[in-house]
2 protein chains.
Amino acid sequence: MNLPPPGLSLPHVPAAGLADFSVSVLAAVGVCAASRKAATAAMLHGSRLGIDSHGIRLLPHYVEAFSGGRLNKAPTLHLTNGFGAVATLDAGDAHGAHATYEGMEHAVRLAERYGIGAVAIRRSSHFGPAGAFAVKASERGCIGIVMGNSDSFVRLHEGAERFHGTNPIAMAAPSGGRHPWLLDMATSAVPFNRVQLYRSLGRDLPAGVASDEAGRDTKDPDLAEMLAPLGGAFGFKGAALAGMAEILSAGLSGARFSPEIPPMGGPDYTTPRNLGAFVLAIRPDAFLPQGDFEAGMARYLAALRASRPAIGASVLAPGDREWAEADSRAARGIPIDRDTQIAFHALSQTYGIALPAGLTAG
Amino acid sequence: MNLPPPGLSLPHVPAAGLADFSVSVLAAVGVCAASRKAATAAMLHGSRLGIDSHGIRLLPHYVEAFSGGRLNKAPTLHLTNGFGAVATLDAGDAHGAHATYEGMEHAVRLAERYGIGAVAIRRSSHFGPAGAFAVKASERGCIGIVMGNSDSFVRLHEGAERFHGTNPIAMAAPSGGRHPWLLDMATSAVPFNRVQLYRSLGRDLPAGVASDEAGRDTKDPDLAEMLAPLGGAFGFKGAALAGMAEILSAGLSGARFSPEIPPMGGPDYTTPRNLGAFVLAIRPDAFLPQGDFEAGMARYLAALRASRPAIGASVLAPGDREWAEADSRAARGIPIDRDTQIAFHALSQTYGIALPAGLTAG
């Protein structure tokens with residue numbers, strides 16, 4: 001889980017090679033074509049956009065979860081309840097990316113017919129970067145919104161134990177430009193991998209982002225036992241946003257609530273976790289004449305990017321940093337941290353799959 | 001706009017008397033029955049739940065906006081685009097509460113037919129407390145979500161000038177109990193009336209919630225020229241949530257974006273402002289068997305309220321504080337600050353309307 005210290009020279013590997021490796025390993029584990037394709041696509045979204053915590057480094061974790069039986073290698077996903085423009089998807093303990101791409105695909109189909117479509121998903125699992133599924137909707141001309149829950153890791157406002165997961169909220173919107181406007185955020189103050197990075201660097205955390213086992217604020221990453229909700233002194237807002245994600249993803253679907261979900265990190269890799277997710281697709285041209293929405297987005301984003309920055313700083317639209325990183329990584333490849341290199345060597349040997357070009361020297 | 005210093009004794013006035021006064025004054029100004037009813041209901045939602053910044057103190061402001069012509073006293077609201085489960089509502093420069101109650105009413109009707117309904121609203125105006133319209137949906141058995149934009153008041157992350165409005169996000173969900181789960185938050189770190197309160201108290205602001213005219217953090221409320229987005233050092237999250245509200249409320253409806261909207265505080269009270277709003281209604285029983293959603297909410301909220309609090313603190317679900325305040329105010333009446341008392345006396349004299357019982361001594 002450790003991120004490399006900045007500046008450490010790492011091998012950079014083309015995305016296509018990583019994707020081939022991932023699909024081949026998952027096939028060797030016995031994972032069905034749809035699941036291995038979806039899991040790989042979501043991980044590569046993370047790796048391409050620089051969201052390495054939710055990138056290809058998750059492959060060894062997913063292999064463990066498929067091998068242990070937590071994840072169903074050949075799941076049957078089926079729509080249960082639902083009428084009109086909504087549906088509930090029972091994902092049959094599928095990989096979360098398979099479940100959520102499938103859910104968004106159905107939401108987009110509903111939006112094409114009704115202007116909007118919503119799918120609540122139960123019996124899902126860790127889906128990787130929430131933005132991957134939102135972007136899928138934007139590629140079809142829709143605004144995509146994705147939320148999910150996960151095992152407890154974040155205290156409540158004025159709370160002293162883990163309650164919500166890091167419950168992400170993502171949204172992608174056609175922007176009138178090359179890439180969609182893209183929000184993909186945890187409702188915690190920081191992601192846990194930030195705490196792990198600070199541990200490895202021996203640095204103090206910013207104030208108000210993590211708490212010790214008694215729920216007291218701590219800057220010591222080694223004492224951090226839980227995350228704070230987004231908002232600092234106004235953490236009731238972050239906790240309520242986590243609640244919004246919780247209610248829509250678990251409440252509407254009948255999945256487990258965060259405190260009921262077994263930990264992602266094991267030791268139990270046999271029991272399905274029954275996470276929830278919620279996906280929404282909205283067709284702008286159901287609200288406005290064709291083209292007006294994207295023209296408005298272009299006007300809004302031009303004004304935003306021209307807004308005066310603080311001295312020495314710069315103002316960005318959500319996603320600008322990630323899409324720039326994607327361009328850079330398309331040219332230079334994706335950096336692979338040491339732990340992941342070691343894990344990939346082990347997977348290569350176990351399953352007899354050639355390492356992607358660029359990792360063979362390690 | 002000043003909130004009273006804590007502990008100052010204020011007259012407490014029954015909600016019914018305030019509602020009668022508001023409706024009578026607006027009628028005397030020439031405001032149509034639907035608009036005066038809606039504006040009053042939204043203000044009373046704020047006053048009943050303790051959200052005084054968006055409560056009955058807005059009445060003199062609304063009178064000025066109706067009198068000046070910014071607000072249409074007898075608007076024609078009509079659905080323009082839209083198919084299936086969505087619609088766009090042109091509010092004809094109506095009071096924002098009239099526009100948004102009407103929009104939510106239509107969204108609930110759509111949700112009854114399609115499981116979900118969304119309405120984007122343009123040519124609207126300040127709607128008061130966003131939660132009022134979300135609660136309306138929850139009273140009909142739906143989850144209600146409301147967003148809106150407003151004139152620029154909040155800098156971007158690393159920005160140094162006002163860009164987004166305080167763009168609220170509200171959600172209400174049937175809880176299985178007496179009151180809905182209720183989130184109603186600005187996407188700024190704090191509301192501006194908090195800055196004004198600190199000015200009147202001569203106290204320092206918390207760090208990271210406001211900036212001076214150069215966009216530098218300031219704790220001096222007299223230097224505060226703009227608000228920071230929610231999230232402190234992670235203000236890109238708050239700015240992106242403001243963007244979500246902006247895109248759905250203005251982008252989808254064709255309303256103005258925040259930087260294009262004339263200031264709420266005048267001096268121009270003649271020109272309509274063309275704010276946007278977005279309302280969403282979701283029927284839980286389209287996703288799950290009848291009763292399952294509320295049973296889940298009851299289980300979730302019981303776990304949340306039992307989560308261990310920090311020493312000397314307490315853990316609350318979103319809305320718990322507000323609904324408790326509503327119970328207290330139902331018994332004791334609604335406190336009316338000095339500025340509002342003075343303004344109500346002036347309205348009483350101008351329009352020949354008797355003051356509500358409890359304010360006559362002032």
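Within every chain, numbering begins at 1; the chains are lettered A, B, ... in the order of the sequence lines, protein sequences first and strands thereafter. What you see is a predicted model; the values in this text were computed from it and never measured.
Contacts between A:Leu183 and chain B at a heavy-atom distance below 4.5 Å involve the side chain alone, from C-beta outward. With a 4.5 angstrom heavy-atom cutoff, B:Ala87 touches chain A only via backbone atoms. Contact of A:Ile145 with chain B is made through the side chain alone, with heavy-atom distances under 4.5 Å. Both the backbone and the side chain of B:Ile247 have a heavy atom closer than 4.5 Å to some heavy atom of chain A. Neither the backbone nor the side chain of B:Ser211 comes within contact range of chain A, judged by heavy atoms closer than 4.5 Å. Neither the backbone nor the side chain of B:Glu294 comes within contact range of chain A, judged by heavy atoms closer than 4.5 Å. Only the backbone of B:Ala306 comes within less than 4.5 Å of a heavy atom of chain A; no side-chain atom from C-beta onward does. Heavy-atom distances place no part of A:Ser258 under 4.5 Å from chain B, backbone and side chain included. With a threshold of 4.5 angstrom between heavy atoms, A:Arg155 does not approach chain B through any atom at all. Contacts between B:Ile311 and chain A at a heavy-atom distance below 4.5 Å are absent for every atom of the residue. Contact annotation for B:Phe83: both backbone and side-chain heavy atoms come within less than 4.5 Å of a heavy atom of chain A. Contact of B:Leu252 with chain A is made through backbone and side chain together, with heavy-atom distances under 4.5 Å. When heavy atoms are compared at a cutoff of 4.5 Å, B:Leu110 does not approach chain A at all.
B:Ile282 and A:Phe278 make their closest contact through CD1-CZ, 4.1 Å (heavy atoms, listed as atom of the first residue, atom of the second, distance). Here the closest non-hydrogen pair linking A:Phe234 and B:Val209 is CE1-CG1, 3.5 Å. The shortest heavy-atom contact between B:Phe293 and A:Gly251 is CD1-O, 3.3 Å. When all heavy atoms of A:Glu213 and B:Arg308 are compared, the pair lying nearest together is O-NH2, 3.2 Å.
Annotation: salt bridge (charged side-chain N to carboxylate O under 4.0 Å, His left out) contacts of B:Asp212 (sequence neighbours excluded): B:Arg216. Looking at residues two or more places apart in sequence or on another chain, you find a salt bridge (charged side-chain N to carboxylate O under 4.0 Å, His left out) between B:Asp285 and B:Arg283.
Looking only at heavy-atom pairs under 4.5 Å with chain A, the residue among B:Val315, B:Thr80, B:Leu304, B:Val190 that has the most is B:Leu304. When B:Ala186, B:Gly238, B:Pro206 are compared by the number of non-hydrogen pairs under 4.5 Å with chain A, B:Ala186 comes out ahead. Options A:Thr88, A:Leu182, A:Leu288 differ in how many heavy-atom pairs under 4.5 Å they form with chain B, and the most are formed by A:Leu288. Contact count versus chain A (heavy atoms, under 4.5 Å) is highest, among B:Ala111, B:Ala173, B:Ala214, B:Gly115, for B:Gly115. Contact count against chain A (heavy-atom pairs under 4.5 Å) is highest for B:Ala160 among B:Ala160, B:Gly208, B:Gly84, B:Ala310. Counting heavy-atom pairs closer than 4.5 Å to chain A, the top-ranked of the candidates B:Gly215, B:Gly296, B:Gly231, B:Ser307 is B:Ser307. Between chain A and the residues B:Met244, B:Arg113, B:Lys237, the largest count of heavy-atom pairs under 4.5 Å involves B:Lys237. Ranked by heavy-atom pairs shorter than 4.5 Å toward chain B, the options A:Gly232, A:Ser253, A:Ala233 are led by A:Ser253.
The interface of residues 316-325 of chain A with chain B, defined by heavy-atom distances below 4.5 Å, comprises A:Pro318. Within residues 162-169 of chain B, the residues having any heavy atom less than 4.5 Å from a heavy atom of chain A are, in residue-number order, B:Phe163, B:His164, B:Ile169.
Using a 4.5 Å cut-off on side-chain heavy atoms (C-beta onward), A:Val86 and B:Phe287 make contact.
Aromatic ring orientation, B:Phe257 versus A:Tyr300: parallel (interplanar angle below 30°, classes split at 30° and 60°).
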